[in-house]
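Quick notes on the structure that follows.
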Amino acid sequence: MDPADIDGLGLISALPTTAFIAILIMIVSFFITVTQSTDRKFLLLFQIAAITFALHGAGALVADEPRFPTAYIHAGFVEFIGRTGETAINIDARMGWPGFFALFAFVTKAAGITDLTPILQWTPLLSNLLYLLPFVLILRQVVATTRARWFAALLFVLVQWIGQDYFSPQGFTFALYLAFVAILLRWFGRVETRTKPIPPKGCAS
């Protein structure tokens with residue numbers, strides 16, 4: 001596809017029909033796998049990851065530059081801290097909470113990375129894949145059928161268009177928040193004694 005064909009609707013306006021057909025096929029195959037009597041959790045995880053890549057990785061494959069202009073500002077904060085070892089709250093108020101920027105300044109400097117463009121380009125996809133890990137743990141603690149849990153995971157991928165998954169402190173904090181909730185529910189949650197029998201293909205994990 002030609003990025004010049006993108007209009008005010010964004011990437012969706014320039015995608016060929018085959019792209020939509022491919023996404024539809026992946027979603028249909030996911031539902032077919034869910035309806036099978038055998039629990040194919042690894043196949044379902046792979047299918048959800050593939051759908052995530054199709055939705056959030058397409059932009060990185062098509063565009064030559066990262067999508068959000070704010071990501072460049074954050075990359076500048078990372079470069080400044082890595083170069084000077086200091087913050088500059090007088091330049092921007094966001095320097096007042098430099099934990100995220102200092103972390104990536106340390107990582108990029110230790111790894112010898114000087115160009116953050118590839119990181120900015122692929123951060124939306126990596127963020128959404130990272131969100132899935134704790135979200136699946138959260139779903140395992142939900143009292144629902146196995147099919148309902150997998151459907152919830154699919155909905156999370158399809159409708160989680162919050163626009164905060166770019167290279168930003170809030171996108172990283174959202175991943176930490178999901179991880180915190182998953183830890184609380186998985187290892188500190190109270191398990192209620194079942195009073196009703198488990199229905200066929202039901203809540204057993």
Less than 4.5 Å apart, side chain to side chain, heavy atoms only: is that true for [X] and [Y]?
| X | Y | answer |
| --- | --- | --- |
| Phe151 | Leu155 | yes |
| Trp150 | Ile48 | yes |
| Ser168 | Thr70 | no |
| Phe101 | Pro169 | yes |
| Lys41 | Thr146 | no |
| Leu116 | Glu79 | no |
| Phe53 | Leu61 | yes |
| Leu132 | Asn128 | no |

Path from [X] to [Y] over hydrophobic side-chain contacts below 4.5 Å:
| X | Y | answer |
| --- | --- | --- |
| Phe100 | Val107 | yes |
| Phe31 | Ile51 | yes |
| Val78 | Ile81 | yes |
| Leu176 | Leu184 | no |
| Phe46 | Leu125 | no |

*Show your working on side chain to side chain contact (heavy atoms under 4.5 Å, CB included) between Tyr166 and Leu120 and close with a plain yes or no.*
CA-CA 7 Å; Tyr166 63 101; Leu120 304 185; over 6 Å; no
Separation between [atom1] of [X] and [atom2] of [Y], rounded to the nearest 0.5 Å:
| X | Y | atom1 | atom2 | answer |
| --- | --- | --- | --- | --- |
| Ile119 | Thr108 | CD1 | OG1 | 6.5 Å |
| Thr18 | Ile25 | OG1 | CD1 | 10.0 Å |
| Ile138 | Leu133 | CD1 | CG | 11.0 Å |
| Ile89 | Met95 | CD1 | CE | 10.0 Å |
| Phe30 | Leu44 | CZ | CG | 5.5 Å |
| Asp92 | Phe80 | CG | CZ | 11.5 Å |

For a quick test of reading the model, state the closest non-hydrogen atom pair linking [X] to [Y] and the distance between them.
| X | Y | result |
| --- | --- | --- |
| Gly82 | Ala105 | N-CB, 3.7 Å |
| Tyr72 | Pro66 | OH-CD, 2.9 Å |
| Ala54 | Met26 | CB-CE, 3.4 Å |
| Ala182 | Pro134 | CB-O, 3.6 Å |

Verify, without hydrogens or angle tests, whether [X] (side chain) and [Y] (backbone) share a donor-acceptor contact under 3.5 angstrom.
| X | Y | value |
| --- | --- | --- |
| Thr38 | Arg40 | no |
| Arg186 | Leu137 | no |
| Arg147 | Thr35 | yes |

*Decide side chain to side chain contact (heavy atoms under 4.5 Å, CB included) for Leu130 and Leu178; before the verdict, give the C-alpha distance in whole Å, the side-chain angles of both, and the deciding distance to 0.1 Å.*
CA-CA 10 Å; Leu130 184 62; Leu178 290 176; over 6 Å; no
*Verify whether the ring centers belonging to Phe104 and Phe167 lie closer than 6.0 Å.*
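Centroid distance Phe104-Phe167: below 6.0 Å, so yes.
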*In terms of the angle between their ring planes, are Phe77 and His74 parallel, tilted or perpendicular, with boundaries placed at 30° and 60°?*
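Correct class here is tilted.
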*Angle class for the Tyr131/Phe156 ring planes (parallel below 30°, perpendicular above 60°, tilted otherwise)?*
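Perpendicular.
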*Start with the C-alpha distance between Phe20 and Leu24, add both sets of side-chain angles, then the distance that settles side chain to side chain contact (heavy atoms under 4.5 Å, CB included), and finish with yes or no.*
CA-CA 6 Å; Phe20 297 100; Leu24 180 62; over 6 Å; no
